[in-house]
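To keep things clear, I will list the structure first and then write my remarks on it.
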Amino acid sequence: MKRLIFLGPPGAGKGTQAQILSDTYQIPHISTGDILREAVKEQTPLGQKAQSYMDQGELVPDDLILDLIKERLSQSDTAQGWILDGFPRNVSQASFLEKLLAELDLAADCALNLEVPDEVLVERLLARKRKDDNEETIRRRLEIYYKDTVPVINFYRERNTLKPVNGNASMEEVTASLKAIIEH
Ligand code: AMP
């Protein structure tokens, strides 16, 4: 059973690594960003509400995200575990997740924090060419990351579940570091 949380700034490689580990361990990769992008593409009510926040690099309000995660984590493919990528993004989401899991008699195994210096992030994000990856939104996403998401690192550190990982290495090296921690 593997219940893994991926933390790290935008551009740290969370999505890539989460997908690799999802294939390796055969557990779902749950990316709130991917779910939201799909909703925007389909122009569902969720997508319509989320779009302007995403285009500006702001966080989508919690009330749009919390039900979505609760519903996703209750689906049957999560029985063997999951990898969360892009959630929790702030301390209130982290508290919500902790309570939700406690109700299910579960807890996350660890929060893997991919550490990458800012200069490298901006370079990587500009190379990625996603719709919300222009210089202004990148700057805004990094600001939001420091303000709202860095406190989540402390949340898991206090619970002794934080595992720092050097994300400033080749994809293969980062995967190897992650596996070493997970399989420890
Ligand atoms: P990501 O793919 O994780 O970089 O997410 C892309 C965008 O989706 C973010 O810039 C936010 O606008 C939104 N988003 C994704 N996950 C969350 C979340 N857990 N809480 C709030 N907004 C989110």
Side-chain angles (χ1 to χ4, degrees), residues 3-22 28-75 78 82-101 108 111-116 118 120-156 162 165 167 171 174 178:
R3 287 181 296 267
L4 311 171
I5 296 169
F6 265 56
L7 301 175
K14 297 188 295 295
T16 306
Q17 295 296 336
Q19 192 51 52
I20 293 171
L21 297 180
S22 160
H29 167 204
I30 301 176
S31 157
T32 43
D34 285 350
I35 295 170
L36 291 168
R37 275 186 291 279
E38 186 61 26
V40 169
K41 202 172 97 195
E42 302 292 331
Q43 284 294 298
T44 65
L46 169 68
Q48 289 175 3
K49 288 182 207 142
Q51 184 159 21
S52 62
Y53 297 98
M54 296 173 74
D55 286 345
Q56 289 166 45
E58 303 289 333
L59 291 185
V60 167
D62 283 355
D63 61 338
L64 297 182
I65 297 287
L66 299 181
D67 282 349
L68 182 158
I69 275 290
K70 185 172 179 178
E71 200 265 325
R72 184 63 188 87
L73 289 179
S74 70
Q75 289 175 20
T78 60
W82 33 254
I83 302 174
L84 285 184
D85 160 21
F87 182 95
R89 269 300 220 285
N90 58 32
V91 169
S92 84
Q93 294 182 5
S95 303
F96 175 87
L97 177 64
E98 189 175 54
K99 286 199 203 86
L100 175 66
L101 294 176
L112 298 152
N113 187 33
L114 282 180
E115 299 177 335
V116 178
D118 269 10
V120 179
L121 295 174
V122 175
E123 228 171 81
R124 284 191 193 175
L125 290 168
L126 284 172
R128 188 164 79 170
K129 299 249 178 290
R130 209 169 72 188
K131 177 166 164 276
D132 57 346
D133 283 339
N134 62 62
E135 252 184 280
E136 195 182 318
T137 54
I138 289 172
R139 205 174 323 111
R140 186 64 190 142
R141 288 218 302 280
L142 280 174
E143 272 172 31
I144 300 270
Y145 169 76
Y146 283 109
K147 178 166 76 73
D148 291 333
T149 311
V150 166
V152 176
I153 298 172
N154 298 327
F155 179 96
Y156 290 109
L162 186 75
V165 179
M171 198 172 79
V174 177
L178 289 165

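As the structure lists them, so they are numbered: ligands from 1, and atoms in each ligand from 1.
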More than 12 heavy atoms of other groups within 6.0 Å of Y53 OH: no
Can you list every protein residue that has a heavy atom under 4.0 Å from any atom of ligand 1, sorted by chain and residue number? T32, G33, L36, R37, M54, E58, L59, V60, I65, G86, F87, R89, Q93, R130, R141
Run through R128, R140, R139 and flag the one making a salt bridge (Lys or Arg N to Asp or Glu O under 4.0 Å) with D133. R128
What residues, two or more places apart in sequence or in another chain, satisfy side chain to side chain contact (heavy atoms under 4.5 Å, CB included) together with V116? A12, V120, L121, R124
Apply side chain to side chain contact (heavy atoms under 4.5 Å, CB included) to Q75 and R72, showing your working. CA-CA 6 Å; Q75 289 175 20; R72 184 63 188 87; 3.3 Å; yes
Interatomic distance, L59 atom CG to L64 atom CG [nearest 0.5 angstrom]: 11.5 Å
Using 4.0 Å as the upper bound for N to carboxylate O, is an ion pair formed by R37 and D34? yes
